[in-house]
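Shown next, in structure tokens, is the structure this report addresses.
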Amino acid sequence: MLISYNGNSIDRKDGENALDIVRDLDPELAKKALAARLDGELVQSLADPIHGDRTLEILTFDDDAGKKTLRHTASHVLAQAVLRLVPNAKLAIGPAIDNGFYYDFDVEEPFTPDFLQKVEKEMQKIIKKNDRLERFELPRGEAIEFCKQANQPYKVELIEDLPEGEVISFYKQGDFTDLCAGPHLPSTGKVKAFKLQSIAGAYWRGSEKNKMLQRIYGTAFFDKDELAAYLEKLEEAKKRDHRKLGRELDLFALMDEGPGFPFFFPKGMVLRNELEGYWRALHRQSGYLETRTPIMLNQHLWEESGHWDHYKENIYSTKIDDQIYCLKPMNCPGGILVYKRKAWSYRELPLRMGELGIVHRHELSGAMHGLMRVRCFTQDDAHLFITPEMIKDEVIGIHRMEDHMYNMFGFKYHVELSTRPENSMGTDEMWASATLGLKGALDELGVPYVVNEGDGAFYGPKIDYHLEDSIGRTWQCGTIQLDMNMPERFDLSYIGPDGEKHRPVMLHRTIYGSIERFIGILTEHFAGAFPLWLSPVQAKVMTITDRADQAATKLVSALEAAGIRVEADLRNEKIGFKIREAQMEKVPYMFILGDKEAESGEASVRSRKEGDLGTMGVDAIVQKLVDEILTKSI
RNA sequence: GCCAAUGUAGCUCAGCUGGCAGAGCAGCGGUUUCGUAAACCGCAGGUCAAGGGUUCGAGUCCCUUCAUUGGCUCCA
């Protein structure tokens, strides 16, 4: 038997007590583990015998692995409780996930919110009873028989799909036994603080071809305060929801009349225009040219590109003069036509063409989410036409732009590499070399990434950049897609130094991804308090009495002359009221003028973040704001 | 598209087992000229998402559709 401990393999006798093994390996750790266990803090049951090639892990209550174990045990308690209330429920799977756990059930009657409360009560009883979780293993045949006896067809299916030779283990707690690899807490009583959060439908094994099961989501922590703090944090995060802030700050909204087609109001347009303006500046510096292609093109083009075959369900189309026209779901065919308009020399490559292209995609109604997933959005697209030798350098160049853009807003991001999907076109060799090209660039940059098998575009593999929203959901924004198929399909070429035609490689890429989604993420990230350069209203000048109106108007003119977006608040209201309104509108700077300031020609400066900053002269104020706008500080 | 929940004034919400549609904020009118997050008084504002049904009577019960929310699937 092999046990891995701190990465070393050590021979041990089968069935040996885990604690003894630890004691031999590391007496100090064993002492700590034992003490922790006496305090009820040790997560994994050290009394469990170690069988087979399992890794021995010592888990304490304060690490992520410990929480994961706790939540996994909580999901077993959940399943036990549901089975008590609905004895003929069929169990599917119940894993721990980030921040919680879930369990899927096949039941005749869908769960209701009331039912959740009953389940919670039942779970309390199980926890109070503090049954030990005991592990046992069965040979494949017996394990299948066991689950058949228990009338658990999904478990039977799971076992049948386990590879030969895999250890098949179960965990038993009181009257409940579940197929499970573990590990688990020693007993149900260790689940001290939990909460069931929501009910959802979920397809068995994640495929819409399968039956929809009922899923219960919950979370669990080792102590009640931690749970309360987490739930509080979720509540706080809801206040940052871009859909709420978009309405409150009068930026954008979705209306019933246009599901998935967002409206941008004047203040939201300021945000968009600033983002697009910066995008243009960055691309000019980086050697990109800008194009614009039509949002509607005939069906023939989409057949030629393969979109009609691979993406038909999502394409809006209309018939005019006996021809079908499609609202473009992607910009690439337009970009290709721009390329094809003339002959290119190798000397002109790499050719980098950007386009802020409006695309329409008929997303499933249930998939829409504020600005994050819509049916009409603007991609900050670009198409690069390059030679195969340029792949690595160009991908590295794009990555640097992505990294720069996210860093300037203080975003955390993670990178995924998505490989060939089932419904794809092109040869194996094309896919292999394209995937290798992207991988090579990431590896050279030393960028960590996860591989997302089968999630690429139908024409090529891709690198995706994912950003987090306020409650930790991640959304794909930037993408780099390597495409050797479209150039083939459209017979693209450039003339090489040898005077012969050669096939270029195409890179499709975005940085914001979609301006709409990016604005959603930005709004949540800053909780609506955008950096000065992006703020729809950058400053408000407000008076204490109408005796300061003239001085205020002068300051407003000076700020306007410097290109600053400023509003005057000369209303007959108390200054506290005006400040309150400006704070709620998240205006970065407030300039307050009363009799003193009207006299001295200065203004009292208040920052949204730091409050009262004292008095400054008009020139100093203008300079301060202009500097902050130019540096785009966050 | 699928599972579940929700839809009442511009916004946030109340409206019990069916019996005259309400509040706060915002808006409008007036009073108040005030020093760093809410002055006071008044007025107006609704086909209760849409359509159908049950009933003497429907915001409330039933059905259909639309939209939204949380998930699943899909994806920028």
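No hydrogens, no waters, no symmetry mates; every other heavy atom, side chains included, goes into these values. Note on naming: letters A, B, ... go to the chains in the order of the sequence lines (proteins, then strands), and numbering restarts at 1 for each one.
Applying the 4.0 Å criterion to OP1 and OP2 of B/rA76, one finds that A/Arg509 has every side-chain N and O outside that range. The side chain of A/Arg571 contributes no N or O atom lying less than 4.0 Å from OP1 or OP2 of B/rU33.
For residues 258-277 of chain A, the salt bridge (Lys or Arg N to Asp or Glu O under 4.0 Å) pairs, not counting sequence neighbours, are A/Arg272-A/Glu276, A/Arg272-A/Glu516, A/Glu274-A/Arg565.
Side-chain N/O atoms of A/Tyr217 and A/Arg215 include a donor and acceptor closer than 3.5 Å. Side-chain contact of A/His508 with A/Asp483: a donor-acceptor pair under 3.5 Å is present, judged by distance alone. A/Gln214 and A/Asp104 form no side-chain donor-acceptor contact under 3.5 Å, judged by distance and modelled atom types alone. Side-chain polar atoms of A/His399 and A/Tyr465 form a donor-acceptor pair below 3.5 angstrom. There is no side-chain donor-acceptor pair under 3.5 Å between A/Thr219 and A/Asn99. Side-chain N/O atoms of A/Gln476 and A/Arg517 include no donor and acceptor closer than 3.5 Å. In the model, A/Gln379 has no side-chain atom that pairs as donor or acceptor with a side-chain atom of A/Thr510 under 3.5 Å.
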Please list each protein N or O that sits under 3.5 Å from an N or O in nucleotides 61-63 of chain B, with the distance.
none

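Comparing A/Leu371 and A/Asp546 along RNA chain B, the residue whose closest nucleotide (by nearest heavy atom) sits nearer the 5' end is A/Asp546. Between A/Glu597 and A/Gln476, the one whose closest nucleotide on RNA chain B sits nearer the 5' end is A/Glu597.
When heavy atoms are screened at a 4.0 angstrom cut-off, A/Lys462 is found touching the sugar-phosphate backbone but no base atom. Counting non-hydrogen atoms under 4.0 angstrom, A/Met542 reaches nothing in the nucleic acid. Using a 4.0 Å heavy-atom criterion, one finds that A/Tyr217 contacts the sugar-phosphate atoms exclusively. Contact annotation for A/Asp464: no contact, since no heavy-atom pair falls under 4.0 Å across all strands. Within 4.0 Å of A/Lys578, counting heavy atoms only, lies no atom of the nucleic acid at all. At a threshold of 4.0 angstrom between heavy atoms, the contacts of A/Gly478 with the nucleic acid are absent. Contacts of A/Arg361 with the nucleic acid, taken as non-hydrogen atoms under 4.0 Å apart, include base atoms. Within the 4.0 angstrom heavy-atom criterion, no nucleotide atom of any strand lies near A/Val359.
For the pair A/Arg71 and A/Phe221, the cation-pi criterion (under 6.0 Å, within 45° of the ring axis) is fulfilled.
Straight-line distance between the P atoms of B/rU6 and B/rG15: roughly 13 Å, to the nearest whole Å. When the P atom is used for both B/rC48 and B/rC20, the distance is 15 Å, rounded to whole Å. On the C1' atoms, B/rU47 is 33 Å away from B/rC41, given to the nearest whole Å. Spacing between B/rU60 and B/rC43 at atom P, rounded to whole Å, works out to 30 Å. Of the P atoms belonging to B/rC40 and B/rU33, the separation is 15 Å, rounded to the nearest Å. Straight-line distance between the P atoms of B/rG7 and B/rG53: roughly 23 Å, to the nearest whole Å. Taking atom P in both B/rC2 and B/rA58, the straight-line distance is 32 Å, to the nearest Å. Spacing between B/rU65 and B/rG22 at atom C1', rounded to whole Å, works out to 29 Å.
In this structure, A/His404 has no ring pair (Phe, Tyr, Trp, His ring centres under 6.0 Å) partners at least two apart in sequence or on a different chain. When the side-chain hydrogen bond (donor to acceptor under 3.5 Å, both in side chains) test is applied to A/Thr291, no partner is found at least two apart in sequence or on another chain. Shown here are the side-chain hydrogen bond (donor to acceptor under 3.5 Å, both in side chains) partners of A/Glu235, two or more places apart in sequence or in another chain: A/Lys238. For A/Glu236, the side-chain contact (heavy atoms from CB on, under 4.5 Å) partners two or more places apart in sequence, or in a different chain, are A/Glu232, A/Lys239. Residues satisfying the side-chain contact (heavy atoms from CB on, under 4.5 Å) test with A/Leu231, not counting sequence neighbours, are A/Lys195, A/Gln197, A/Leu227.
In the set B/rC74, B/rC34, B/rU36, the nucleotide with an atom closest to the side chain of A/Arg547 is B/rC34. Here B/rC75 is the nucleotide among B/rC34, B/rC72, B/rC75 with the atom lying nearest to any side-chain atom of A/Asp455. The nucleotide whose nearest atom lies closest to any side-chain atom of A/Pro259 is, among B/rU69, B/rC75, B/rU68, B/rU68.
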The contact string for nucleotides 37-46 of chain B, one letter per nucleotide 5' to 3', using protein heavy atoms under 4.0 Å with B, S and - for base, sugar-phosphate only and none, comes out as BBB-------

For a quick check, with a 4.0 angstrom heavy-atom cut-off, what is the B/S/- contact string for nucleotides 1-11 of chain B, read 5' to 3'? BBBS------S

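Taking atom CG of A/Asp250 as the reference point, atom P of B/rA26 lies 16 Å away to the nearest angstrom. Protein atom CE of A/Met616 is 17 Å distant from nucleotide atom C1' of B/rU36, rounded to whole Å. Rounded to an integer number of Å, the gap from A/Arg373 CZ to B/rG70 C1' is 14 Å. Atom CD in A/Gln481 sits about 11 Å away from atom P in B/rC75, given to the nearest Å. As rounded to whole Å, 14 Å separates atom C1' of B/rA76 from atom CG of A/Leu356. At whole-Å resolution of the value, CG in A/Asp469 and P in B/rC75 are 19 Å apart. Atom pair A/Asn452:CG and B/rC75:C1' shows a separation of 12 Å (rounding to whole Å applied). Between the CD atom of A/Glu257 and the C1' atom of B/rA49 there is a distance of 10 Å, given to the nearest Å.
Taking the six-membered ring for Trp, A/Phe409 and A/Phe518 have ring centres closer than 6.0 Å. Between A/Phe458 and A/Tyr311, the gap from one ring centroid to the other reaches at least 6.0 Å.
Contacts between residues 96-109 of chain A and RNA chain B, defined by a heavy-atom separation below 4.0 Å, involve no residue at all.
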Listed pairs under 3.5 Å, donor-acceptor, residues 198-208 of chain A side chains, sequence neighbours left out:
residue  : atom : partner  : partner atom : Å
A/Trp204 : NE1  : A/Glu157 : OE1          : 3.4
A/Trp204 : NE1  : A/Glu157 : OE2          : 3.3
A/Arg205 : NH1  : A/Asp161 : OD2          : 2.5
A/Arg205 : NH2  : A/Asp161 : OD2          : 3.3
A/Ser207 : OG   : A/Lys209 : N            : 3.2

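Helical stems of RNA chain B (runs of at least 3 Watson-Crick or G-U pairs, donor-acceptor distances under 3.5 Å) are listed by first residue: B:1-7 with B:66-72, B:10-13 with B:22-25, B:27-31 with B:39-43, B:49-53 with B:61-65.
For A/Glu402 and A/Arg509, the salt-bridge test fails: no basic side-chain N is under 4.0 Å from an acidic carboxylate O.
Classification of the A/His72-A/His76 ring pair by plane angle, with boundaries at 30° and 60°, yields perpendicular.
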